[in-house]
Amino acid sequence: MSNDTPQKDSQKGQRRDQLFAQKQLPGDFVFDENVAEVFEDMINRSVPGYSTIIAMIGVLAERHYQQDSVLYDLGCSLGGATFAMAHALSNANCSIVAVDNSTAMIETMQRKKASLDFIRIPIECRCEDVLDVNIVNASVVVLNFTLQFVTLTERQGLIERIYKGMNPGGILIISEKIVFPDEKLNDLFIDMYHSFKENMGYSKLEISQKRAALENVLLPETIDAHRNRLNQAGFGSFDVWFQCFNFASMVTFK
Ligand code: GEK
C-alpha cells in the first residue's frame with residue numbers, strides 16, 4: 001500500500017484513491033486505515049453502479065423491513081448501505097447491526113454516524129467477523145460486496161446461518177463481482193470494466209496493481225453458484241436486480 005498522503009478530491013470533498021498509483025511490491029489487499037481514508041472515492045470509482053445499488057438497498061429495505069426486527073449490514077465498510085437504510089426507515093421501529101472486521105472501517109464509520117443528523121433508529125457498529133455474527137430476528141440482511149472476500153469453503157455455512165436468523169418473508173441482498181461461464185463474455189466484461197476504471201481516472205498501472213493485490217482475496221463466482229448456494233440453504237425466489245459488466249446485485253427471500 002502506498003504511504004503517499006492522499007489528495008483531496010476538490011469536487012466531492014473526499015480523499016482521492018491513489019493507493020496503487022506508484023509502482024509497488026506485490027502484496028495482498030488489506031482493509032487498513034489507508035483504504036478506509038479513501039474508501040468512498042475508491043468504491044465509487046471502482047464499482048459500476050455503486051451509488052445506484054446503495055440507493056436501491058434503501059428502497060428494498062423500506063419495502064421489506066418488519067416492525068420490531070433487526071436489519072444487518074454485513075461487511076459494512078463506512079456504512080453506505082446502513083445509512084441508506086437508516087435514511088429510508090427513519091420512522092420505523094427497528095434497529096440496524098453494522099458489522100465489519102476492519103477496525104479502521106468501523107472507527108471511520110462511527111465518526112461518520114456521529115456527524116449525520118437524519119438517523120432516528122438505533123445503529124450498532126460492531127468490529128467483528130461476519131462468520132461470528134449471531135443473526136436473530138432479521139428482516140433485511142445485506143452482503144454488499146462482502147461475500148466475495150469470505151473463503152469459498154465458508155460461504156455455505158454463512159448463508160445457512162443467515163437463513164436461520166431471518167424471519168419468514170425477510171429479504172437478503174447480495175452484491176458481488178461475478179464471473180461468467182462463457183469465456184468470451186467473461187473477457188469482454190472484464191475488458192469493459194477496465195475501460196470503466198480508466199474513464200473513472202485510474203491509470204493502467206493502478207488497475208493492474210489493484211487487480212494483482214485482489215487476486216488472492218476477492219474470489220468471484222458465477223450467478224449460478226450463488227443461486228445454488230441460496231437454494232441449498234432454503235431461500236426461495238431469487239434473481240439479479242442489478243448488473244453492470246461483471247458486477248451484480250441479487251435478491252432472495254426466506
Ligand atoms: C458498502 N458493504 O459500502 N468479516 C467482516 N467484514 C469483512 C470480512 C469478514 N470476514 N471480510 C471482508 N470484510 C460496503 C462495501 S467492501 C467491498 C464492502 C469492497 C469487509 C472489509 O473489511 C470491507 O470493509 C468490506 O467487507 C468489503 O456497501 O471493498 O470491494
Side-chain angles (χ1 to χ4, degrees), residues 1 14 17 19-20 28-61 71-88 96-110 112-113 123-135 140-159 161-162 172-178 193 196-197 200 202 207 210-211 213-220 242 244-250:
M1 213 98 339
Q14 298 167 354
D17 168 26
L19 298 181
F20 291 91
D28 283 347
F29 187 87
V30 278
F31 289 98
D32 59 12
E33 51 288 340
N34 294 323
V35 171
E37 195 172 9
V38 299
F39 185 74
E40 286 183 3
D41 177 67
M42 172 187 281
I43 198 148
N44 275 294
R45 291 199 292 134
S46 303
V47 174
Y50 175 76
S51 61
T52 303
I53 294 170
I54 288 293
M56 290 302 123
I57 286 174
V59 173
L60 287 166
L71 294 83
Y72 288 84
D73 182 7
L74 303 177
C76 57
S77 299
L78 304 189
T82 293
F83 298 136
M85 294 194 291
H87 191 257
I96 302 179
V97 172
V99 180
D100 204 289
N101 65 354
S102 157
T103 317
M105 288 292 191
I106 287 294
E107 284 177 359
T108 312
M109 178 182 177
Q110 273 167 325
K112 193 170 174 192
K113 179 183 144 191
I123 298 176
E124 186 190 342
C125 304
R126 284 193 207 156
C127 189
E128 197 178 354
D129 197 300
V130 294
L131 298 169
D132 298 330
V133 180
N134 192 22
I135 294 162
V140 178
V141 178
V142 175
L143 280 164
N144 201 37
F145 301 106
T146 303
L147 191 63
Q148 59 194 16
F149 293 107
V150 173
T151 58
L152 291 169
T153 50
E154 286 171 313
R155 291 184 190 181
Q156 187 69 41
L158 172 60
I159 294 297
R161 281 196 308 102
I162 290 172
L172 169 62
I173 302 160
I174 304 184
S175 311
E176 290 276 292
K177 191 170 191 175
I178 51 169
Y193 173 54
F196 164 85
K197 285 196 79 169
M200 295 306 262
Y202 285 112
I207 294 169
K210 174 93 179 276
R211 191 180 185 190
L214 284 171
E215 197 160 328
N216 299 322
V217 285
L218 193 167
L219 306 167
F242 177 92
C244 185
F245 317 135
N246 48 341
F247 289 80
S249 190
M250 304 157 258

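Numbers for residues simply follow the sequence, beginning at 1. Remember, it's 1-based here, ligands and their atoms both numbered in the order they're listed.
In terms of polar-atom proximity, defined here as any N/O pair under 3.5 Å, D100 does make such a contact with ligand 1. Polar contact check, I43 against ligand 1: no nitrogen or oxygen pair lies under 3.5 Å apart. Considering both main-chain and side-chain atoms, F39 never comes within under 3.5 Å of ligand 1 through any nitrogen or oxygen pair.
Cation-pi geometry between K197 and Y202 is met: the NZ or CZ atom falls under 6.0 Å from the ring centre, inside 45° of the normal.
Between F247 and F242, the distance separating the two ring centers is not shorter than 6.0 angstrom.
Rounding to the nearest 0.5 angstrom, the gap separating the CZ atom in F39 from the OG atom in S46 is 9.0 Å.
Ionic pairing of R45 and E40 is not present here: no N-O contact between side-chain nitrogen and carboxylate oxygen is shorter than 4.0 angstrom.
Between the side chain of T146 and the main chain of L74, a donor-acceptor pair closer than 3.5 Å is present. At least one donor-acceptor pair under 3.5 Å links the side chain of R155 to the backbone N or O of Q148. Not a single donor-acceptor pair under 3.5 Å links the side chain of E128 to the backbone N or O of V99. Checking side-chain atoms of K113 against main-chain N and O of I123 turns up a donor-acceptor pair under 3.5 Å.
Here is the list of ligand 1 atoms found below 4.0 Å of a heavy atom in C76: 14 (C). Short contacts between ligand 1 and M105, defined as distances under 4.0 Å to a heavy atom of the residue, involve ligand atoms 24 (O). For ligand 1 and N144, the ligand atoms under 4.0 Å from any heavy atom of the residue are 1 (C), 2 (N), 14 (C), 15 (C), 18 (C), 28 (O). Atoms of ligand 1 found under 4.0 Å from any heavy atom of S102 (numbered from 1 in listed order, with element): 22 (O). Heavy-atom proximity to F145, at under 4.0 Å, picks out these atoms of ligand 1: 16 (S), 17 (C), 18 (C), 27 (C). Contact atoms of ligand 1 toward V130: 4 (N), 5 (C), 9 (C), 10 (N) (distance under 4.0 Å to a heavy atom of the residue). Those atoms of ligand 1 with a heavy atom of Q148 less than 4.0 angstrom away are 30 (O).
Environment of CD in Q156: crowded, with over 12 heavy atoms of neighbouring residues, nucleotides or ligands closer than 6.0 Å. A 6.0 Å sphere centred on CZ of R211 holds no more than 12 heavy atoms belonging to other residues, nucleotides or ligands.
When non-hydrogen atoms are compared, ligand 1 lies under 4.0 Å from neither the backbone nor the side chain of S46.
Close to ligand 1: E128, with a non-hydrogen atom less than 4.0 angstrom away. Proximity of D129 to ligand 1 is established by a heavy-atom distance of less than 4.0 Å. Under a 4.0 angstrom heavy-atom cut-off, I54 registers as being in contact with ligand 1. Residue contact annotation: M42 has no non-hydrogen atom under 4.0 Å from ligand 1.
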